[in-house]
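Contents: one structure, followed by commentary.
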Amino acid sequence: MTINAIPPAFIFIAGGLLLPFLKVRRFKQMLQLLIPVIAFIDLLYMGQGTYWTCHFLGYELVLGRVDKLSLCFGYAFVIIAFIGMVYALHVKEDGQHVAAFLYIGSTLGVVFAGDLFTLYVFWEIMAVASVFLIWYRKDRKALDAGFRYIMVHIFGGCCLLAGIIIHIADTGSIYFNLIDLNGPGSKLILLGFIINAAVPPFHAWLSDAYPEGTITGSIFLAAFTTKSAVYVLLRGFPGAEVLIWLGAIMAVYGVVFAVIENDMRRLLSYHIISQVGYMVAGVGLGTELAINGAAALAITNILYKSLMFMAVGAIIYETGKRRLSDLRGCDLYRKMPITLVMYMIGGLAISAVPLLNGFVSKPMVVAAVGLEHRAIIHLMLHLASIGTFLSVGLKLPYGAWFGKRPDGKKEEIKDVKEPPLNMLIAMGLIAFACILTGICPHILYRILPFDVNYLPYTAHHVIGAVQLLLMTAAAFWFYIDKLGPKPVITVDTDWFYRIPGRLFLSFCNKPLNKFRSDVQGLFSKERAFVASLSKNPFTIPAVLAESMKLKMTSAGNHERKEEISGRLNKLKSIAYNENRYRISIGWSVMVCIGFVSVFAFIFFYL
C-alpha cells in the first residue's frame with residue numbers, strides 16, 4: 001500500500017501555517033507533536049518510486065522521489081522534529097514554532113525533490129525560515145549574526161541557481177541525479193551545496209550564527225541545514241575526488257577551533273563542521289561502505305549533536321551563562337546532574353565510545369578510507385577523532401559542570417535547577433535512541449542505501465577505540481591546566497567579510513549618505529523652483545530672465561542684487577488670471593487654418 005497524496009514537506013508547512021490560528025495553548029502543543037507523528041506515518045507507508053509530479057514550463061517537476069537514501073534522511077529529520085518539538089513545548093511564541101515547521105518542511109522538500117527546480121525552491125525556503133530561529137533571540141548580536149547568515153545563504157543560493165540554469169542549458173535535463181563535475185554549471189551547483197555544508201573557507205556562517213540562535217532554535221539549526229547538504233552531495237556528487245580532501249580538512253579544521261573555543265554553543269558549532277567533514281570525505285570516496293558510513297554518521301550525528309545542544313541549552317536556560325570561563329566554580333554537577341548525564345551520553349556517542357551509536361557509524365567512514373589506502377586522509381580523520389573526545393567529551397563537560405576558578409573560590413548561582421520537564425523528556429528520548437542504535441546497530445543499518453557488511457563489534461575495532469579514548473583522556477588530565485577555558489575571542493574566515501562589511505556600512509552611513517543628502521537638497525530646491533514657475537506659465541520667460549541677471553550680477557553689487565530679487569519675487573507672486581492671460585479664440589482659429597493650409601499645400605503640390 002502506498003500513499004501518494006500529501007508530500008511530507010506540505011504536512012509540516014501546512015501545520016506551521018495553521019498553528020497561529022489556534023487560540024488554546026494546549027491545542028497548539030498537541031498540534032506541534034501531532035504533525036511529526038502524521039509525517040512519520042506518511043513516511044512508513046511511502047513505497048519506493050516517484051510521486052507528486054506536475055508539469056511546469058515544459059518540464060516535469062518531481063516533488064517525491066522516494067528511495068532508500070531519501071527515506072533514511074526523511075526518517076531522521078522527522079524523528080528529530082518530534083523530539084525538538086517536545087523540547088520546545090514551553091516556548092509560547094508562535095513565530096518560533098512556525099519558523100521551525102517551515103524549516104523542517106522545506107528540508108523534507110529538499111530530501112524528496114526529484115528535480116533541480118523543486119530542490120532550489122525548497123532550498124531557499126529553508127534558508128529564509130531558519131534565519132528567524134536566530135532573530136527570535138531578539139538582541140543585537142542575534143540580529144547581526146542572522147543578517148550575515150542570510151547574506152551567505154543568498155550568495156550560495158545564487159550560485160546554485162546559476163549552476164542549475166547552466167546545467168539545464170547544457171544537458172536539457174532538470175532531473176536531480178548524479179551530476180558529472182565537468183563544467184561551470186556542475187561546479188556552481190557543487191559550490192552552492194558545499195556552502196550549506198559549511199566547507200572551509202565557506203564555513204564561518206555556522207559558528208557565527210548557531211551560537212546566537214534561540215535555545216530551542218539552535219536544536220533545529222544543528223540538525224537540518226548541514227545534513228541536508230550532505231544528502232544532496234550524496235545524491236549529486238558521490239565519488240568527487242575533491243570532496244575527500246575538503247572533508248578531511250573540515251574534520252581537522254573544525255576540531256582545532258573546538259579545542260580552543262570558550263563559548264559552549266560555538267564550540268559545538270565548530271564540532272558540527274568537524275563531523276560533517278567525515279561525511280563529506282565519505283561522499284568523495286564514493287564506495288558503498290563510504291556512502292553507507294556518511295549516511296549513518298549523518299543520522300547518528302543528528303541525534304547526539306542535538307542532545308548536546310539540548311544539554312548546553314538547558315545550562316543557558318537556567319544560568320544565563322554560555323561561556324565555560326563564566327561557569328567555573330559553579331558546581332553545576334550538584335544542581336543539574338540529570339542534564340550532565342544526558343550530555344555525557346551525547347559526548348561519548350560523538351567520541352565513538354562502544355555501545356553508543358557513534359561507534360557504529362563514524363568508524364565506517366574511517367574504515368572505508370583505510371580500505372582505499374588513503375593514508376594521509378586516514379591519519380587526518382584519526383587526529384580529528386582525538387580532538388573530538390578532547391573537546392566535546394572532556395573539555396566542555398569538565399568546564400561546564402566541574403571547572404574550578406583559578407583562585408579556588410566558588411561562584412554561587414541562585415535558583416539553578418534542572419530544566420523544565422519537557423526539556424528533560426526530549427533529552428531522555430534522544431539518549432535512549434543513542435544507546436539503542438549503539439547496542440542494536442541493525443536498526444540503523446537496515447535503512448541505509450546499500451546492504452551493510454560492516455561489523456563494528458570486532459576485537460580490533462573495540463580495542464582500537466578504547467586505546468584511543470584512554471590515551472586522549474590521559475593527555476587531557478595531564479594538560480588540564482593548559483586546556484582550561486580562557487575568555488578569548490577566536491578569529492575565523494568571517495573576518496574577511498566582516499571587516500570589509502563594516503567599512504562598506506561606514507561608507508554608506510557617512511560619505512555616501514552625505515552625498516545623497518546633498519543631491520536630495522539640490523533637487524528639492526530645483527523642484528520648489530519649478531513648482532513656483534508652474535503656478536503661472538506666462539511669467540516663466542520673465543522669471544528666467546531675471547534669474548539669469550541675478551546670477552550674472554557681481555557679489556559686491558548688493559543694491560543691484562536686491563533690486564533684481566525684488567522684481568523676481570514680485571513676478572513669482574503674480575497668480576494666473578484667466579481674464580488677463582486668456583488668448584482670444586480668433587488667434588487659435590487663425591493658427592489652425594494656417595496649419596491646414598500649409599499641410600494641404602505640401603500634400604497636393606509637393
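These numbers come from a predicted model, not from an experiment. Keep in mind that the numbers below use all heavy atoms, side chains included, and drop hydrogens, waters and symmetry copies.
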Check for me whether the distance between the ring centres of Phe56 and Phe117 falls short of 6.0 Å.
yes
In terms of relative ring orientation, are Phe132 and Tyr136 parallel, tilted or perpendicular, with 30° and 60° separating the classes?
tilted
Any pair with a residue in residues 27-38 that passes salt bridge (charged side-chain N to carboxylate O under 4.0 Å, His left out), sequence neighbours left out, goes on the list, sorted by first then second residue, please.
Lys28-Asp94
Taking only residues two or more places apart in sequence or in another chain, which ones pass side chain to side chain contact (heavy atoms under 4.5 Å, CB included) with Asp139?
Arg137, Lys141, Ala142
Partners of Phe359 by ring-ring contact (aromatic ring centres under 6.0 Å, His included), sequence neighbours excluded?
Tyr457
Taking all atoms of both residues into account, what is the closest heavy-atom pair of Asp263 and Pro211, and its distance?
OD1-CB, 4.2 Å
Can you list every pair that meets salt bridge (charged side-chain N to carboxylate O under 4.0 Å, His left out) and has a residue in residues 246-257, with sequence neighbours left out?
none
Please, which pairs that meet salt bridge (charged side-chain N to carboxylate O under 4.0 Å, His left out) have at least one residue in residues 161-189, sequence neighbours excluded?
none
For the residue pair His153 and Tyr149, does the interplanar ring angle fall in the parallel (under 30°), tilted (30 to 60°) or perpendicular (over 60°) class?
tilted
Aromatic contact, Tyr103 with Phe220 (centres under 6.0 Å):
no
Suppose we screen for ring-ring contact (aromatic ring centres under 6.0 Å, His included). Which residues come up paired with Tyr210, at least two apart in sequence or across chains?
Trp205
Stepwise, does the salt bridge (Lys or Arg N to Asp or Glu O under 4.0 Å) test hold for Arg148 with Glu212?
CA-CA 12 Å; Arg148 291 188 293 269; Glu212 305 303 333; over 6 Å; no
Check side-chain hydrogen bond (donor to acceptor under 3.5 Å, both in side chains) between Ser361 and all other residues, then give those that pass, not counting sequence neighbours.
Thr300
Using a 3.5 Å cut-off and no angle test, enumerate the donor-acceptor pairs between side-chain atoms of residues 441-452 and protein atoms at least two apart in sequence or in another chain.
| unit_1 | atom_1 | unit_2 | atom_2 | d |
| --- | --- | --- | --- | --- |
| Tyr445 | OH | Val360 | O | 2.7 |

For Tyr253, all residues meeting ring-ring contact (aromatic ring centres under 6.0 Å, His included), sequence neighbours excluded
His203, Phe257
Heavy-atom closest contact (Ala281 atom, Ala248 atom, distance):
CB-N, 4.2 Å
Ring centroid separation Phe40 to Phe82 under 6.0 Å
no
Residues in ring-ring contact (aromatic ring centres under 6.0 Å, His included) with Phe155, at least two apart?
none
Contact list for residues 227-245, test salt bridge (charged side-chain N to carboxylate O under 4.0 Å, His left out), sequence neighbours left out
Asp67-Arg235, Glu241-Arg374
Could you list the residues that satisfy side chain to side chain contact (heavy atoms under 4.5 Å, CB included) with His382, not counting sequence neighbours?
Val366, His378
